[in-house]
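Beneath this line is the structure, given in structure tokens, with notes to follow.
These figures come from a predicted structure and were not determined experimentally.
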Amino acid sequence: MDADEAAGFARVEWLSGEGPSSDVVVSSRVRLARNIAGFPFLTRASREEKLQLLDLSHRHIEASGLAPEVQWQDLNALSRVERQVLVERHLISKQHAKGSEPRGVAIGLPRERLSIMVNEEDHLRIQVLRSGLALRDAYEQIDRIDDRLEERLDFAMSDRFGYLTACPTNVGTGIRVSVMLHLPGLKLTGEIDKVRRAAKAMSLAVRGFYGEGSESIGDFFQISNQTTLGRSEEDLLHEFETRVISKVIEYERSARRELATKRTRTFEDRFHRSLGLLRYARLLKAEECLEQLSYLRLGVSCGLDAEVSQEVLQRLVLLSQPAHLQRVCGRELSQAERRVERARLVRAALAARD
């Protein structure tokens with residue numbers, strides 16, 4: 001069994017390294033917050049009500065035919081490592097992985113484009129993930145899913161405010177659009193703070209690899225809208241994609257061109273140092289591994305090494321994370337053991353060809 005099989009994926013959508021602008025945009029996500037009428041928000045719900053919500057949601061999600069196959073996971077029945085695997089795959093949030101309250105997730109197979117978190121912050125958090133810049137495709141898919149669920153479930157709504165949500169910033173459409181961006185060019189040229197300031201001025205959130213509450217690792221950033229009230233889905237989508245993300249992509253590509261043409265020696269040296277380190281290291285921390293993989297991804301996107309594909313690098317980004325690494329090895333590992341096994345895994349994937 002190879003590492004991909006052991007990790008439990010053959011071709012996960014957002015790991016493919018495909019799609020529009022995939023050199024910069026790793027993935028696109030559209031999420032909807034929904035609550036079921038007749039039940040209190042989770043902060044006020046009893047354990048019995050949460051169990052009722054879990055059972056009701058589970059039955060209707062499975063009966064709705066939302067994907068070729070829907071896999072249901074009771075989070076309380078999973079080990080800590082298995083819950084963390086779902087976080088690393090961006091199928092559940094870090095918040096959803098914690099605690100012992102009744103909670104679950106429905107995952108659309110085989111591509112894992114769809115996940116529906118039940119009893120997270122809202123009763124339902126529906127999300128669609130796509131590779132590259134594919135927000136419109138993701139929105140069209142999630143809109144169909146939302147309609148299908150609304151045929152079976154009565155969502156809490158107000159004629160004045162729209163969909164009612166636990167957090168006031170989600171009231172209205174309940175939509176959150178986000179993209180995960182790889183921005184090493186802007187980081188290396190010292191321009192990344194301009195992106196942060198511009199996003200803040202436009203009331204956008206800039207977060208790390210795992211979204212809310214996480215830090216940026218390996219030059220991966222998530223940018224998302226923060227408010228939905230008074231805005232249509234179409235307006236939000238159009239502004240976010242055309243006014244915001246297209247500009248960031250343009251700035252990142254410009255920074256990469258500067259590195260490749262004006263700082264050629266430094267750029268090539270950085271790439272080959274990272275490649276050498278990852279091919280021969282015997283110990284690797286998670287953060288160090290992601291940082292070096294970031295430089296490889298940058299170099300490959302600029303044509304420096306045809307032997308290494310974006311998809312291989314994308315999968316290593318995930319496989320080198322602690323929970324996936326332990327799944328590949330088939331046992332829980334100490335931090336010291338993880339450094340050894342991570343280096344072994346990456347060496348095997350990036351071994352030099354004769």
Side-chain angles (χ1 to χ4, degrees), residues 9-22 25-35 57-58 60-73 86-93 96 104-118 120-153 155 163 165 170 172-181 205 207 209-212 222-226 228 231-241 244-245 314 318:
F9 57 81
R11 191 167 175 79
V12 176
E13 166 75 21
W14 69 272
L15 289 172
S16 67
E18 300 172 348
S21 302
S22 57
V25 184
V26 177
S27 62
S28 300
R29 185 193 71 172
V30 178
R31 192 195 71 200
L32 297 176
R34 296 290 185 259
N35 289 280
S57 300
H58 182 188
H60 285 294
I61 289 169
E62 289 203 330
S64 296
L66 304 178
E69 181 184 349
V70 173
Q71 179 187 73
W72 175 261
Q73 297 276 12
L86 297 177
V87 173
E88 291 174 1
R89 294 162 91 92
H90 300 280
L91 295 170
I92 66 173
S93 64
H96 201 40
V105 61
I107 302 165
L109 301 177
R111 300 294 298 274
E112 295 187 1
R113 287 177 173 174
L114 168 68
S115 76
I116 304 175
M117 291 177 275
V118 180
E120 196 239 25
E121 182 176 76
D122 294 285
H123 299 163
L124 299 179
R125 285 284 178 94
I126 310 160
Q127 71 168 27
V128 168
L129 274 168
R130 302 297 289 268
S131 181
L133 184 58
L135 286 169
R136 193 156 298 278
D137 287 347
Y139 172 71
E140 289 173 358
Q141 182 180 354
I142 206 169
D143 191 40
R144 292 192 297 270
I145 290 166
D146 187 39
D147 288 345
R148 192 84 61 87
L149 287 172
E150 206 156 14
E151 291 172 0
R152 293 176 165 273
L153 296 167
F155 292 144
Y163 289 102
T165 58
N170 289 323
T173 60
I175 193 171
R176 184 67 62 90
V177 295
S178 67
V179 292
M180 183 185 294
L181 301 164
R207 298 186 169 107
F209 190 68
Y210 292 116
E212 190 169 358
Q222 285 191 31
I223 298 182
S224 64
N225 69 299
Q226 293 195 92
T228 68
R231 305 286 304 279
S232 71
E233 293 95 333
E234 185 63 36
D235 285 347
L236 279 168
L237 212 62
H238 178 75
E239 180 180 57
F240 189 73
E241 190 166 4
V244 180
I245 301 307
Q314 204 89 320
L318 190 61

Test of understanding: with side chain to side chain donor-acceptor pair (under 3.5 Å), list the residues that count as partners of [X], not counting sequence neighbours.
X: S22; value: none
X: D122; value: N35, R125
X: R31; value: none
X: Y139; value: none

Do [X] and [Y] have side chains that approach each other closer than 4.5 Å (heavy atoms only, starting at C-beta)?
X: I145; Y: V128; result: yes
X: R34; Y: D146; result: yes
X: Q141; Y: R113; result: yes
X: I107; Y: V70; result: no
X: S27; Y: H90; result: no
X: L124; Y: S57; result: yes
X: N225; Y: R176; result: yes
X: L135; Y: L133; result: yes

Can you name the residues that form a salt bridge (charged side-chain N to carboxylate O under 4.0 Å, His left out) with [X], not counting sequence neighbours?
X: R29; value: none
X: E241; value: none
X: E233; value: none

- What pairs with H96 under ring-ring contact (aromatic ring centres under 6.0 Å, His included), at least two apart in sequence or on another chain?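 ring-ring contact (aromatic ring centres under 6.0 Å, His included) list for H96, sorted by chain: empty.
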Tell me every residue that passes side-chain contact (heavy atoms from CB on, under 4.5 Å) with [X], counting only those two or more places apart in sequence or in another chain.
X: A63; result: R152
X: H238; result: T242
X: S115; result: L91, V105, Q127

Reported [atom1]-to-[atom2] distance for the pair [X] and [Y], which is rounded to 0.5 angstrom:
X: S178; Y: L129; atom1: OG; atom2: CG; answer: 7.5 Å
X: L318; Y: E88; atom1: CG; atom2: CD; answer: 6.5 Å
X: R111; Y: W14; atom1: CZ; atom2: CH2; answer: 13.0 Å
X: T173; Y: L32; atom1: OG1; atom2: CG; answer: 7.5 Å

- Side chains of Q71 and E69: do they bring a donor and an acceptor to under 3.5 Å?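 Result is no, nothing qualifies.
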- Message: Could you walk me through whether L66 and I116 satisfy the side chain to side chain contact (heavy atoms under 4.5 Å, CB included) test, starting with their C-alpha distance in whole Å, then the side-chain angles of each, then the deciding distance to 0.1 Å, before giving a yes or no?
- Response: CA-CA 10 Å; L66 304 178; I116 304 175; 3.7 Å; yes
- N/O donor-acceptor pair under 3.5 Å between S64 side chain and L149 backbone: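 The answer is no, because no donor-acceptor pair under 3.5 Å joins these two groups.
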- Are any side-chain N or O atoms of S28 and backbone N or O atoms of G132, one a donor and one an acceptor, separated by less than 3.5 Å?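 Yes, S28 side chain to G132 backbone: donor-acceptor pair under 3.5 Å.
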- Item | Parallel, tilted or perpendicular: ring planes of F155 versus Y163, cut at 30 and 60 degrees |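 Rings of F155 and Y163: perpendicular, as their planes differ by over 60°.
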- Message: Under the salt bridge (Lys or Arg N to Asp or Glu O under 4.0 Å) definition, can you give me all pairs with a residue in residues 127-140, not counting sequence neighbours?
- Response: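 Sorted result for residues 127-140: E13-R130, R136-E234.
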